[in-house]
Amino acid sequence: MKKFTCIVCPVSCILSVDEKDNEVQVNGNQCKRGRVFGVNEYNDPKRMITTTVKIENAKIKRLPVISTDEIPKSRLIELAKELYKITVDTPVLRGDIIVKNIGETGVDIIATRTII
Amino acid sequence: MMEKRIRKIIADMNKIADYDISASVSRDKIVTLNGTALYWKQVVDAGHKVANVKGVRNVVNDMISKDIKPNIIDYSKKIKEVKNNSISESCDVVIIGAGISGCAIARNLSKYNLNVMVVEKNSDIAEEATKANNGNIHPGVLAKPGTLKAKLNLRGNEMYTKLSEELDFELKRTGSLLVFYNKKDVNKFKILKFLKYTGIGKLIKPLSQAMKVPGMKWLNTKEVRELEPNLKGEPIGGFLLTTMGLVEPFEVCSALAENAAENGVTFKFNTQIIDIVKEKESIKEVITNHSTIKCQTVINCAGVYADNIAKMVDDCFYTIHARRGAIAIIDKNRKGYLNTPVGLMSDSDRSNNSKGGGASVTPEGNLLWGPNAVEVYDKEDKSVDAVDMDYIIKLGRGVTDEVKKSEIITYFAGIRAADYKEDFIVEASRKVDGFIHVAGIQSPGLASAPAIAEMVEEILFKQNSNLEIKSDYNPIRVAKPKFRDLSHEEQDKLIKKNPKYGNIVCRCELITEGEIIDAVHSPIPATTIDAIKRRSRAGMGRCQGGFCGPRVLEIIARELEIPLTKVTLKGENSYVLHRQSRV
Amino acid sequence: MNKRQVDVVIIGGGPAGLAAAIEVKKQGIDNVLIIERDSSLGGILQQCIHDGFGLHRFGKRLSGCEYADNFIVEVKERKIEIADKTIVIEITKDKVIYAMNEIDGITEIKCGAIILAMGCRERTRSQAFIWGTRPSGVLTAGTVQRYINIEGYLPGEKAVILGSGDIGLIMARRMTLEGIEVKGVYELMESPGGLTRNIAQCLVDYNIPLHLSTTVIRTHGNKKLEGVTVAKVDKDRQVIKGSEEYIECDLLVLAVGLIPENELSNQLNINIDTRTKGPVVDEYFMTSMEGVFAAGNVVTVFDLVDYVSLTGELAGRGAAKYVKGQLKMDKPITRLEPGENVSFVVPQYVRKHNLEEKLPLYFRVKQKLEKVEVTAVGNDETYYKKKHRVVLPPEMLVEEIISSNIKEGDKKITVNVMEVSKE
């Protein structure tokens with residue numbers, strides 16, 4: 001049995017996750033999303049990635065970005081480093097795709113701020 | 001007689017603890033101590049005991065203790081390197097140290113046809129004891145009668161009025177209040193009052209200094225209350241020393257330095273004296289970490305390092321021991337809580353709260369507690385410890401007991417440069433022509449600074465009869481506008497004239513970008529975040545630079561045309577930013 | 001000097017101010033002005049690039065920037081006037097504001113109502129009483145966040161974080177991702193200051209150690225930070241002698257708490273609650289000065305931005321009503337007081353006749369308790385009861401009382417959090 005802290009919402013439920021008869025069972029969650037998180041965390045933990053990329057010709061020097069979905073936790077540092085090589089130019093609109101399908105994960109990296 | 005007394009003191013000390021102190025006395029009555037004690041405090045005690053012996057001119061205390069790690073830096077390599085690189089400059093007078101003494105002297109000398117250079121190892125003026133001072137222009141009651149300190153304190157205090165007018169810095173003559181709480185003391189103070197008013201007190205030696213101080217006023221219970229309604233408990237009465245003045249020490253120092261610079265004095269920062277070269281017992285040149293400077297006169301205002309400098313010309317007859325003092329600043333919510341600095345008069349009141357009591361105020365009306373006094377070996381140790389804070393809180397709450405520890409917005413420490421006679425040393429070297437000692441300048445050094453400068457001017461005048469006052473000497477300095485002190489109409493006009501005054505950088509203290517730019521480009525340029533803070537007050541408020549820090553950093557970088565990573569908090573390697581996050 | 005009149009002025013264009021402005025406009029007041037000192041709206045959210053915002057309001061985990069953007073877009077759509085790069089330097093008792101910027105100089109604004117939405121600021125090194133020298137390399141977490149996320153600079157290579165509040169935890173992860181070695185997070189208290197999920201995703205995920213009942217007692221280095229001394233503390237938060245440890249670092253990040261920003265409120269001499277450190281407010285978050293409202297972290301430091309927006313909207317509705325003369329300012333009032341195991345309650349008092357359908361109460365518990373019941377008790381009646389599995393001081397509680405239940409004559413309602421007796 002493994003224990004995880006659910007990070008889906010601020011309630012931060014403590015989940016006990018176990019595998020029985022090829023089925024992952026989650027206890028301690030208070031909502032459905034918690035169960036999904038528990039199963040994922042047991043099989044293949046995933047996280048959102050938020051960081052910045054360099055932006056030119058703007059008042060601020062870094063453009064904040066986010067992943068459109070969660071990516072494998074084990075690849076967080078590697079993909080963050082990948083993003084550090086990127087420079088974008090203005091204008092950027094919130095939601096603009098900065099990297100398509102980053103590291104073949106099927107997840108895009110998008111801008112979270114409009115900078116004109 | 002003197003030597004016998006010293007031998008007795010040394011023998012007693014060696015007996016009590018397992019020391020191996022030895023003393024030697026020179027012909028001019030300088031005592032040199034050697035040996036190892038257990039604790040640094042004992043080293044300092046030994047110095048004081050010997051210095052107190054009648055007839056002793058001063059003490060060179062070369063003792064060490066087992067609780068310290070001596071840090072001696074060998075400059076011989078650097079000296080050779082500088083001598084070889086042959087960057088050579090010249091001037092008439094080199095002033096070592098840009099603290100309050102150095103800057104006051106520089107300003108006095110700037111009126112003459114002299115080429116004066118002030119050499120400072122830090123990146124700014126006032127970086128040591130001066131900036132960590134509580135800003136009291138003491139009336140001169142506390143100085144020991146007959147000392148140089150006593151004389152210069154009285155004279156300096158008097159000179160401040162004219163000085164503040166010429167140099168446009170704030171001076172508030174609030175007076176200072178000494179109160180007592182114990183009924184038993186009523187008679188004692190009645191006698192004091194009698195002695196003062198009749199003039200008889202002047203004849204009693206221990207009282208003579210206090211009795212010389214002008215403007216002492218006796219206050220009864222009601223008058224004390226009226227003056228200071230927030231004082232702790234029920235004070236019975238006290239003395240108001242009306243000549244006490246309050247200043248911002250940095251403001252005074254920068255006013256002096258700016259005026260000196262405007263009258264032609266050169267200030268060299270980040271420049272440390274590593275050697276002084278004599279020729280036939282006359283000054284030839286000083287060697288800094290950058291260059292050699294040929295000169296005729298060296299004025300040693302090096303504060304805690306004055307003894308090291310004096311050693312360079314083989315005329316070190318004193319040792320400077322570092323006495324650290326911490327000060328705590330109270331939130332401006334308490335502005336106006338006290339009108340004057342307040343202390344306790346009587347020993348009986350001091351014993352009541354075991355540590356005495358005292359609180360001061362800034363010219364702005366903000367409350368401050370401290371300083372305390374702790375002997376430390378390391379002349380750079382400007383740390384503040386829990387024990388220091390406990391002490392100054394007790395000190396402060398001894399008279400302002402409603403104010404809580406949580407109301408402290410910041411605290412810091414400075415080092416006083418004390419010699420073992422605990423007096424000022426302002427004199428021409430008896431051994432080296434052109435070398436002037438200005439050493440042991442501790443409290444009341446700020447109050448005495450104008451008088452010290454006057455005295456040095458006289459010494460120099462005696463040595464050099466060709467001195468002439470420059471025709472274009474201008475003793476007037478005009479301070480830059482302080483945005484927050486202006487009316488809204490005046491503020492509006494100022495912004496229309498220069499839009500940079502319309503951008504508030506420090507919200508807590510209401511400091512504009514215009515004022516920060518003024519500070520960067522002032523006659524004594526501010527090149528660090530702390531230097532900006534001291535000149536403009538940006539970062540001095542409640543958030544302590546949390547909000548304005550990054551903005552000030554950016555303005556400095558822009559104005560000096562340097563990368564953000566090269567801006568420092570306080571000179572040397574005190575960078576704030578390590579590197580850009582992406583290349 | 002320019003002079004003008006505005007119905008409702010909102011000071012601060014962060015989450016509270018944006019929500020308040022939108023609400024005022026929705027209520028039919030057109031003459032609305034947001035005064036923002038920065039060049040862009042959104043306040044501190046613009047440097048909060050991490051996700052986790054807006055789960056309540058938008059049902060999604062947005063980044064701080066995205067959360068702010070949702071409001072900024074609406075403010076612009078509704079054509080609400082914004083004075084950016086403008087700062088308020090004075091508010092007078094008759095609701096006159098003096099604002100200034102580089103272009104217009106000083107502007108005198110006569111206001112119908114004012115909403116204070118200046119947010120909060122960080123506690124400093126001095127307030128945490130850290131001893132030692134004062135070198136560079138000691139920065140608050142918010143300042144570090146700004147340097148890294150907005151300016152693109154790293155303030156050090158090896159960091160120690162003091163304080164395990166959410167900002168401290170978020171910055172531990174952020175610095176790690178940027179290549180700064182985070183040597184540990186130190187927390188004076190016995191339990192972490194931040195949300196449990198942030199311990200998991202910011203520290204555990206990156207193997208960053210959390211040291212509880214341990215604090216930074218001393219900084220070393222005269223010019224640049226060379227290291228810190230940390231030490232364990234006992235139950236009374238006194239340093240345990242012999243537990244001191246030196247840690248080499250060039251950056252000490254302080255996440256030692258936030259304090260409502262009330263520099264301006266203090267000018268007005270409005271009543272401040274010593275527990276929240278913010279103004280005492282009523283049912284519409286009006287302060288003790290009639291027509292001056294407060295919203296968001298000015299009132300008390302909330303842990304979720306969703307609550308900040310809600311209080312902004314409430315204050316916005318209140319200000320609109322006030323300007324229209326629809327608020328009855330007469331008594332009686334009912335005080336809301338912290339009872340058993342509750343450290344404060346916001347709002348501090350209400351007038352029943354002005355209440356909306358539901359009255360939300362924001363409060364924190366004093367200590368961690370399990371299996372508790374929250375109650376709100378009037379003179380002789382319990383208005384509200386709810387059970388919780390676990391309550392923690394870092395996690396603010398919000399409970400809504402049905403307003404119609406409250407009796408007209410009640411002088412006070414006490415909010416309690418008590419353990420349910422084990423039967």
Side-chain angles (χ1 to χ4, degrees), chain B residues 328-329 333 380-386 388-389 405-406 408-413 484 488-489 491-496 499-504 507-508 510 512-513 529-530 541-547 549-550 553-554 564-565 568-582, chain C residues 1-2 37 85-87 89-90 98 100-108 118 121-127 129 131-140 142-143 146-148 150-157 178-180 217-225 239 250-251 254 259 261 263 266:
Chain B
I329 310 278
N333 275 344
E380 295 295 328
D381 180 7
K382 281 165 242 168
S383 59
V384 179
D385 281 306
D388 300 321
M389 189 53 64
K405 182 180 175 182
S406 58
I408 294 173
I409 60 162
T410 189
Y411 47 85
F412 49 81
R484 67 205 170 116
H488 291 320
E489 281 78 16
Q491 289 173 335
D492 191 52
K493 274 186 202 150
L494 194 61
I495 300 169
K496 299 279 158 67
K500 292 291 180 201
Y501 288 103
N503 180 21
I504 296 279
R507 166 63 252 191
C508 306
L510 217 65
T512 63
E513 184 176 351
I529 293 175
D530 273 0
R542 287 178 188 154
C543 88
Q544 290 289 299
F547 175 74
L553 185 128
E554 217 178 295
L564 294 177
T565 47
T568 67
L569 179 70
K570 45 186 3 179
E572 282 177 46
N573 65 339
S574 64
Y575 305 111
V576 178
L577 299 178
H578 178 61
R579 64 174 171 88
Q580 286 205 46
S581 63
R582 316 276 196 279
Chain C
M1 189 159 52
N2 302 324
R37 69 179 173 191
K85 290 193 196 167
T86 303
I87 198 158
I89 55 172
E90 193 188 344
Y98 292 91
M100 60 179 266
N101 62 37
E102 295 187 7
I103 298 156
D104 308 313
I106 310 275
T107 304
E108 184 188 284
M118 296 87 70
R121 63 187 156 85
E122 295 179 281
R123 292 207 326 141
T124 64
R125 152 188 192 152
S126 299
Q127 289 161 328
F129 287 100
W131 311 114
T133 53
R134 303 170 61 79
S136 81
V138 182
L139 295 171
T140 58
T143 307
R146 184 190 159 93
Y147 278 133
I148 296 179
I150 307 269
E151 320 269 356
Y153 280 89
L154 306 182
E157 286 180 291
E178 289 284 339
I180 297 173
I217 56 168
R218 202 174 171 84
T219 50
H220 302 268
N222 270 331
K223 295 281 180 181
K224 178 78 194 169
L225 185 69
V239 170
D250 62 354
L251 178 60
L254 300 174
I259 306 171
E261 170 61 68
E263 203 83 16
N266 287 334

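A note on names: the letters A, B, ... follow the listed sequences, proteins ahead of strands, and every chain is numbered from 1. No hydrogens, no waters, no symmetry mates; every other heavy atom, side chains included, goes into these values.
Between B:Q544 and C:T124, the side chains place no donor N or O within less than 3.5 Å of an acceptor N or O (distance only, hydrogens not considered).
Taking 4.5 Å as the limit, some side-chain heavy atom of B:E554 sits within range of a side-chain heavy atom of B:L564.
Of the listed residues B:N333, B:T565, B:D385, B:L569, the one with more heavy-atom pairs under 4.5 angstrom with chain C than any other is B:D385. In terms of heavy-atom pairs under 4.5 angstrom with chain C, the leader among B:R579, B:H488, B:E489 is B:H488. Ranked by non-hydrogen atom pairs under 4.5 Å with chain C, the options B:K493, B:K382, B:K496 are led by B:K496. Ranked by heavy-atom pairs shorter than 4.5 Å toward chain B, the options C:E263, C:E122, C:K223 are led by C:K223. The residue among C:Q127, C:H220, C:E90 with the most heavy atom pairs within less than 4.5 Å of chain B is C:E90. Interface remark: of the candidates B:T410, B:I408, B:T568, B:T410 forms the most heavy-atom pairs closer than 4.5 Å to chain C. In terms of non-hydrogen atom pairs under 4.5 Å with chain C, the most contact-rich of B:D492, B:N573, B:I504, B:L510 is B:D492.
Taking all atoms of both residues into account, the shortest heavy-atom contact from C:R218 to B:S383 is NH2-OG, 3.1 Å. The two residues B:G545 and B:P550 come nearest to each other via the heavy atoms O-CD, 4.2 Å.
Proximity to chain B is absent for every atom of C:E108, based on heavy atoms less than 4.5 angstrom apart. Contact of C:R123 with chain B is not made at all, since no heavy-atom distance falls under 4.5 Å. Contact annotation for C:I259: neither backbone nor side-chain heavy atoms come within less than 4.5 Å of a heavy atom of chain B. C:R134 touches chain B through backbone and side chain together, each having a heavy atom under 4.5 Å away. In this structure, chain C has heavy atoms under 4.5 Å from both the backbone and the side chain of B:F412. For chain C, no part of B:I529 is nearby; none of its heavy atoms comes within less than 4.5 Å. Heavy atoms of C:L154 lying under 4.5 Å from chain B belong to its backbone as well as its side chain. Both the backbone and the side chain of B:R542 come within less than 4.5 Å of a heavy atom in chain C. With a threshold of 4.5 angstrom between heavy atoms, C:D104 approaches chain B through N, CA, C or O but not through any side-chain atom.
Expressed to the nearest 0.5 Å, how far CD of C:E102 lies from OG1 of C:T86 amounts to 9.5 Å. The line from CD1 of C:I106 to CD1 of B:I495 is 4.0 Å long, rounded to the nearest 0.5 Å. Taking CG of C:N2 as the start and OG1 of C:T107 as the end, the distance is 4.5 Å to the nearest 0.5 Å. Put simply, CD on B:Q491 and OH on C:Y98 are 10.5 Å apart, with the number rounded to the nearest 0.5 Å.
When atom types are taken as modelled, the side chain of B:D530 and the backbone of B:K570 share no donor-acceptor pair closer than 3.5 angstrom.
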Checklist entry - Does the salt bridge (charged side-chain N to carboxylate O under 4.0 Å, His left out) test come out yes or no for B:R507 and C:E261, once each step is laid out? => result CA-CA 11 Å; B:R507 166 63 252 191; C:E261 170 61 68; 5.7 Å; no
